[in-house]
Protein chains: 2
Amino acid sequence: MTTPTIDRQIERRLADADVRYTRGRRVVISALAEADGPRSAAELSRVIGESVPLSSLYRSLAVLEEAGVLAPHFSSPGLTRYELAEWLSGHHHHLVCICCGIVQDIEVADGLEQRLQEIVADIAGGVSFSELNHALEIEGHCAGCA
Amino acid sequence: MTTPTIDRQIERRLADADVRYTRGRRVVISALAEADGPRSAAELSRVIGESVPLSSLYRSLAVLEEAGVLAPHFSSPGLTRYELAEWLSGHHHHLVCICCGIVQDIEVADGLEQRLQEIVADIAGGVSFSELNHALEIEGHCAGCA
DNA sequence: GCTCCTTTTGATATTGATTCTCGTTAGAGT
DNA sequence: ACTCTAACGAGAATCAATATCAAAAGGAGC
């Protein structure tokens, strides 16, 4: 369930953006907060039920992404999954199942994460992009598909 | 353009899979070999022109992926980009433009790549996935969008 | 080159995720 | 409670991708 802390942070962020934190949007956030990885509109709808119609669900996801509360994630053909933005959930990486497409969050221990940051900084030094972020995706077969 | 070496490797792989290396498929491979990153069906079609209709282009991409010659890449909502599989193009990572979605390949120097491998191996050790592959995506703004 | 057989092609219809439209409803401030 | 604007929700529209199926092309044997 959504922690009170996260909920208050979202309330503040949405208020700053003049976006209302309505019932439907709270339901979406709550479902994503309970998930252990990014979820698509269809996956969320399955969990949430009919209390939020698909068209509203899609609009809520778009609005919350626009406000910086959600981040999109792409790993399966033709659909977008969403997760809480990193300033809410903490920096993490993903395990992606090649077989069924499900995505699971992983925390990386501080020491490893720091070494990763160094590598990314080294790479970013020689490149024409202005670096903002990095994502390490590890692909494999999940327990269910093994 | 497609190098003769890569072309011969693909010929052999497709022959082994009983899949013909037809004109349309050669055009697709050639366009992807010239690109400096993954490309979608629409992007390829723009380059290739009308000599390969979209329906055939999509089918070629699916067949070539099935045969292990192409690998899909997801970084923009609602579309799949393809690139030559790593056994053809070499292991590499990606720069993803947050703004326009374009993806550019990057080579990572051997030393850095080795450190990256170590980190991934460390992470994979404590996880319920059978690890097969890793991908480091660096997100930022490309030169055109900066 | 010709025949037969199988794979591939290409125009079109279809699916599925997502977005748009627009009249109705609900929130926030007064 | 009143007003004004943002949000909702049902359905239509869009767009990438897939399925269909008759016609064309590749390859093997003669």
Side-chain angles (χ1 to χ4, degrees), chain A residues 10-29 31-32 38-67 69-82 100-103, chain B residues 10-29 31-32 38-67 69-82 100-103:
Chain A
I10 294 176
E11 266 165 12
R12 199 175 326 141
R13 165 72 69 119
L14 292 183
D16 287 353
D18 279 311
V19 169
R20 292 178 192 159
Y21 197 15
T22 59
R23 184 197 61 86
R25 291 170 186 176
R26 284 175 196 273
V27 171
V28 171
I29 292 289
L32 280 174
R39 293 291 180 267
S40 69
E43 288 162 350
L44 288 172
S45 188
R46 221 167 293 135
V47 172
I48 292 173
E50 337 205 328
S51 76
V52 179
L54 259 190
S55 67
S56 300
L57 180 46
Y58 275 109
R59 208 148 13 80
S60 292
L61 292 170
V63 166
L64 293 168
E65 182 194 349
E66 173 72 24
V69 171
L70 298 183
H73 186 260
F74 312 108
S75 59
S76 299
L79 63 83
T80 301
R81 292 190 168 92
Y82 292 88
C100 67
I102 199 70
V103 182
Chain B
I10 295 176
E11 267 165 11
R12 200 175 326 142
R13 165 73 68 121
L14 292 184
D16 286 352
D18 279 312
V19 169
R20 292 180 191 159
Y21 197 14
T22 59
R23 184 196 61 85
R25 291 170 187 175
R26 284 174 196 273
V27 171
V28 172
I29 292 289
L32 280 174
R39 293 291 180 268
S40 69
E43 288 161 350
L44 288 172
S45 188
R46 222 166 292 134
V47 171
I48 291 173
E50 337 204 329
S51 76
V52 180
L54 260 190
S55 68
S56 300
L57 180 45
Y58 275 110
R59 208 143 16 79
S60 292
L61 291 170
V63 166
L64 292 168
E65 182 193 350
E66 173 74 23
V69 171
L70 298 183
H73 187 260
F74 312 107
S75 59
S76 298
L79 63 81
T80 302
R81 293 191 169 89
Y82 291 89
C100 67
I102 199 70
V103 183

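Every chain is numbered from 1 and lettered A, B, ... according to where its sequence line falls, protein lines coming before strand lines.
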Rounded to whole Å, the CD-C1' distance (B/E43 to D/dA17) equals 15 Å
To the nearest angstrom, how far is B/L79 atom CG from C/dT19 atom P?
12 Å
Quiz question: going by heavy-atom distance under 3.5 Å, is there a donor-acceptor pair between the base of D/dA7 and the side chain of A/T22?
no
B/R23 has an atom CZ; how far is it from atom P of C/dG10, in whole Å?
6 Å
Take atom CG of B/D18 and atom C1' of C/dC5, then tell me their distance rounded to the nearest Å.
14 Å
Under 4.0 angstrom between B/Y58 side-chain N/O and D/dA17 OP1 or OP2:
yes
Rounding to a whole Å, what distance do you find between B/L61:CG and D/dA16:P?
14 Å
Rounded distance (Å) that lies between atom P of D/dA17 and atom CG of B/L70
14 Å
In whole angstroms, the gap separating C1' of D/dA25 from CZ of B/R26 amounts to 14 Å
When you get a sec, tell me which of C/dA11, D/dA10, C/dT18 is the closest nucleotide to the side chain of A/P53?
D/dA10
Among the candidates D/dA16, D/dT5, C/dT12, find the nucleotide nearest to the side-chain atoms of A/R20.
D/dT5
Between D/dA10 (C1') and A/E50 (CD): distance, integer Å
14 Å
Ranking B/T80 and B/R59 by the position along DNA chain D of their nearest nucleotide, the one closer to 5' is B/T80
Does A/R25 make a side-chain N or O approach to OP1 or OP2 of D/dA7 shorter than 4.0 Å?
yes
Touch check for A/V63, heavy atoms < 4.0 angstrom, all strands: base, sugar-phosphate only, or nothing?
nothing
Examine distances only and state if a side-chain atom of B/R25 and a backbone atom of B/L64 form a donor-acceptor pair shorter than 3.5 Å.
no
Please report the C-alpha distance between A/L57 and A/V27 in whole Å, then the side-chain angles of each, then the deciding distance to 0.1 Å, and finally whether the side-chain contact (heavy atoms from CB on, under 4.5 Å) criterion is met.
CA-CA 10 Å; A/L57 180 46; A/V27 171; over 6 Å; no
With a 4.0 Å cutoff (strictly under), does any side-chain N or O of A/S56 reach OP1 or OP2 of D/dG9?
yes
Check: A/A41 main-chain N/O paired with A/S45 side-chain donor or acceptor under 3.5 Å:
no
Of A/V47, A/I102, A/V103, which is the lone residue that meets side-chain contact (heavy atoms from CB on, under 4.5 Å) with A/R39?
A/I102
Base, sugar-phosphate or nothing for B/S40? Non-hydrogen atoms, less than 4.0 Å.
nothing
Does B/E66 form a salt bridge (charged side-chain N to carboxylate O under 4.0 Å, His left out) with B/R59? I'd like the steps, not just the answer.
CA-CA 10 Å; B/E66 173 74 23; B/R59 208 143 16 79; over 6 Å; no
